[in-house]
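Chain A is the first sequence line, chain B the second, and so forth, proteins listed ahead of strands; every chain is numbered from 1.
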2 protein chains.
Amino acid sequence: MSLPHAILTSLLEKPGSGAELAQRFDKSIGYFWQATHQQIYRELARLEERGLIRSAAREATRGRKRDFAVIPAGLAELERWTSLAQDPQPVRDALLVRLRAAAVIQAGTVQADTARAGILRAELARHRELHQRQLSFYQAVEAHDFAAGSEARAPGTPDHRLQHAVLRAGIMFERAWVSWAEETLRTLEP
Amino acid sequence: MSLPHAILTSLLEKPGSGAELAQRFDKSIGYFWQATHQQIYRELARLEERGLIRSAAREATRGRKRDFAVIPAGLAELERWTSLAQDPQPVRDALLVRLRAAAVIQAGTVQADTARAGILRAELARHRELHQRQLSFYQAVEAHDFAAGSEARAPGTPDHRLQHAVLRAGIMFERAWVSWAEETLRTLEP
DNA sequence: CTTGGCATGTAACTGGTTACATGATTGG
DNA sequence: CCAATCATGTAACCAGTTACATGCCAAG
């Protein structure tokens, strides 16, 4: 149940149309909650029907831009949702499934399979690179928006600190992935 | 597309019925890929139809146990899938959405909202505890199965090292969550 | 006035969740 | 033989993905 609330958050920050939201999702909330434009349009329709947002234009016209804004009931819903206790979501990662599968295949193979092991190492190295790139990007954002004496709008305010905490979570994950990949590559060296 | 392969992996390790798989998912592959028994039954039916696994009993009888085993085509499919290049999945976490929502609400609030800030801190502390517990659990597994001179079946073999790498990923994530939560709690102190 | 791209939308499907139903097996 | 539990299954729904269709608008 996060998508509607992610949309409410983004609209609260700045009203806009479905296409604008889709773009914004590609470069802010989308870093930790993704959505395609189809999901966004569907969700906007539901949010309007539930009376949590309102669009300027009365009727939906295909092709014509339609701006949405959060109305008080929507803000109340967002406040309610953020105050709820929600358990952490368990990890769900395909690479780990693949490693476990590789382990089981290995165990059932009589001879050492060097070709397979090489593919695995290459894949780990590739993931290390991708996570390293994402990490560098997050660090650049941090330097730009959150460093002492930066251009940030309102440094030191509670909301500024919260935004920073979210970014730091991203940094932490990427760092963890990078060092895990390095460590794993070392233990799998030929 | 990970669930069918997670099931193939589990069945390759040890053939079994849908219910047994559901139990095993609760305590091994399920640590990084969850599935309910309904998903598992649905997927077992598809895998059998695709000719990747085979059940002992000819027909499905409601209530009667049905054991499945991977057949060669299933092993081939698993080998194919593990050799594929797959990009890392982007982070998707509701807590981070909630923090961002809280930041936006804060920014729009005139006076500091101490009640809301307290709820947030309590939630962060709760998550820290839960992640700490999961971390301790993983560490206990590591000590039991992977420590030098442990009771592990085949220490030092490639599959043993892969299994360990998967476990270390879990440890790393939980550690990252715990230290992030601690850091964030410090910056949000009243 | 037409073409390209922007904005919105429909349709069909897959994956995951929740609620519930029913047959088989076993311990008392 | 009956209740509890195990094992399998159906149904309906929600979330996410992919492919495609259509209307608007502005630049050339």
Check your understanding: Under the 3.5 Å rule, do the base of D/dG16 and the side chain of A/R42 count as making a donor-acceptor pair?
Key ->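 Such a pair is found, so the answer is yes.
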
Exercise for review: Please name all residues satisfying side-chain hydrogen bond (donor to acceptor under 3.5 Å, both in side chains) with B/Q23, sequence neighbours left out, ordered by chain then number.
Suggested key: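 Here no residue qualifies.
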
**Study point:** Non-neighbouring partners of B/S17 that pass side-chain hydrogen bond (donor to acceptor under 3.5 Å, both in side chains), sequence neighbours left out
**Key:**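 B/S17 satisfies side-chain hydrogen bond (donor to acceptor under 3.5 Å, both in side chains) with no other residue.
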
Which whole-number value in Å describes the distance from [X] [atom1] to [N] [atom2]?
X     : N      : atom1 : atom2 : result
A/D67 : C/dA7  : CG    : P     : 10 Å
B/I40 : D/dT10 : CD1   : C1'   : 17 Å
B/R92 : D/dT17 : CZ    : C1'   : 11 Å
A/L44 : C/dG9  : CG    : P     : 9 Å
A/M1  : D/dG16 : CE    : P     : 10 Å
B/L3  : C/dT17 : CG    : P     : 10 Å
A/R66 : D/dC25 : CZ    : C1'   : 18 Å
A/Q89 : D/dG16 : CD    : P     : 11 Å

Check your understanding: Sequence neighbours excluded, which residues qualify as side-chain contact (heavy atoms from CB on, under 4.5 Å) partners of A/L12?
Key ->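 side-chain contact (heavy atoms from CB on, under 4.5 Å) check on A/L12 returns A/V70, A/L75, A/L78, B/V104, B/I105.
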
**Study point:** With sequence neighbours excluded, residues passing side-chain contact (heavy atoms from CB on, under 4.5 Å) with A/S28
**Key:**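 Scan of A/S28 (side-chain contact (heavy atoms from CB on, under 4.5 Å), adjacent residues dropped) gives B/R100.
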
Output one line per pair: protein atom, nucleotide atom from nucleotides 23-27 of chain C, and distance, for all N/O pairs under 3.5 Å.
residue: C/dG23; atom: O3'; partner: B/R62; partner atom: O; Å: 3.4

Sub-3.5 Å pairs of nitrogen or oxygen atoms, protein against nucleotides 18-20 of chain C:
residue: C/dA19; atom: N6; partner: B/Q38; partner atom: NE2; Å: 2.9

Check your understanding: Side-chain N or O of B/Q39 less than 4.0 angstrom from OP1 or OP2 on C/dT17?
Key ->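 Yes.
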
Practice item. May I ask you to evaluate whether A/R46 reaches the phosphate of D/dC14, defined as a side-chain N or O under 4.0 Å from OP1 or OP2? Key: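 It does not, given that no N or O in the side chain of A/R46 lies less than 4.0 Å from OP1 or OP2 of D/dC14.
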
**Study point:** Residues forming a ring pair (Phe, Tyr, Trp, His ring centres under 6.0 Å) with B/W33, sequence neighbours excluded
**Key:**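 Ring pair (Phe, Tyr, Trp, His ring centres under 6.0 Å) check on B/W33 returns nothing, list empty.
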
**Study point:** Non-neighbouring partners of A/H131 that pass ring pair (Phe, Tyr, Trp, His ring centres under 6.0 Å), sequence neighbours left out
**Key:**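 Expected list: A/W177.
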
Review point. Can you list every salt bridge (Lys or Arg N to Asp or Glu O under 4.0 Å) pair that touches residues 70-92 of chain B, not counting sequence neighbours?
Key: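 Matches after skipping sequence neighbours: A/R126-B/D87, B/E77-B/R80.
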
Review point. Can you pull the salt bridge (Lys or Arg N to Asp or Glu O under 4.0 Å) pairs that have at least one residue in residues 165-174 of chain A, sequence neighbours excluded?
Key: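 Matches after skipping sequence neighbours: A/E142-A/R168, A/R168-B/E183.
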
Review point. Do B/T187 and A/R161 get their side chains close enough for a donor-acceptor pair, meaning under 3.5 Å?
Key: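 Not at all, the side chains of B/T187 and A/R161 share no donor-acceptor pair under 3.5 Å.
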
Practice item. Could you list all the ring-ring contact (aromatic ring centres under 6.0 Å, His included) pairs where at least one residue sits in residues 34-53 of chain A, not counting sequence neighbours? Key: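 Residue pairs with at least one partner in residues 34-53 of chain A: A/H37-A/Y41.
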
**Study point:** Euclidean distance, B/I119 CD1 relative to A/T82 OG1, rounded to 0.5 Å
**Key:**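 These two atoms lie 8.0 Å from each other.
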
Check your understanding: From D/dG16, D/dA15, C/dA7, pick the nucleotide closest to the side chain of A/Y41?
Key ->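 Nearest to the side chain of A/Y41 among the choices is C/dA7.
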
Review point. So, A/Q34 side chain and B/V91 main chain: donor-acceptor pair closer than 3.5 Å or not?
Key: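 Such a contact is found between A/Q34 side chain and B/V91 backbone.
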
Point to revise | Contacting residues from residues 14-30 of chain B, given that a heavy atom lies under 4.0 angstrom of DNA chain D | key: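 Within this stretch, B/S17, B/G18, B/A19 sit under 4.0 Å of the strand.
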
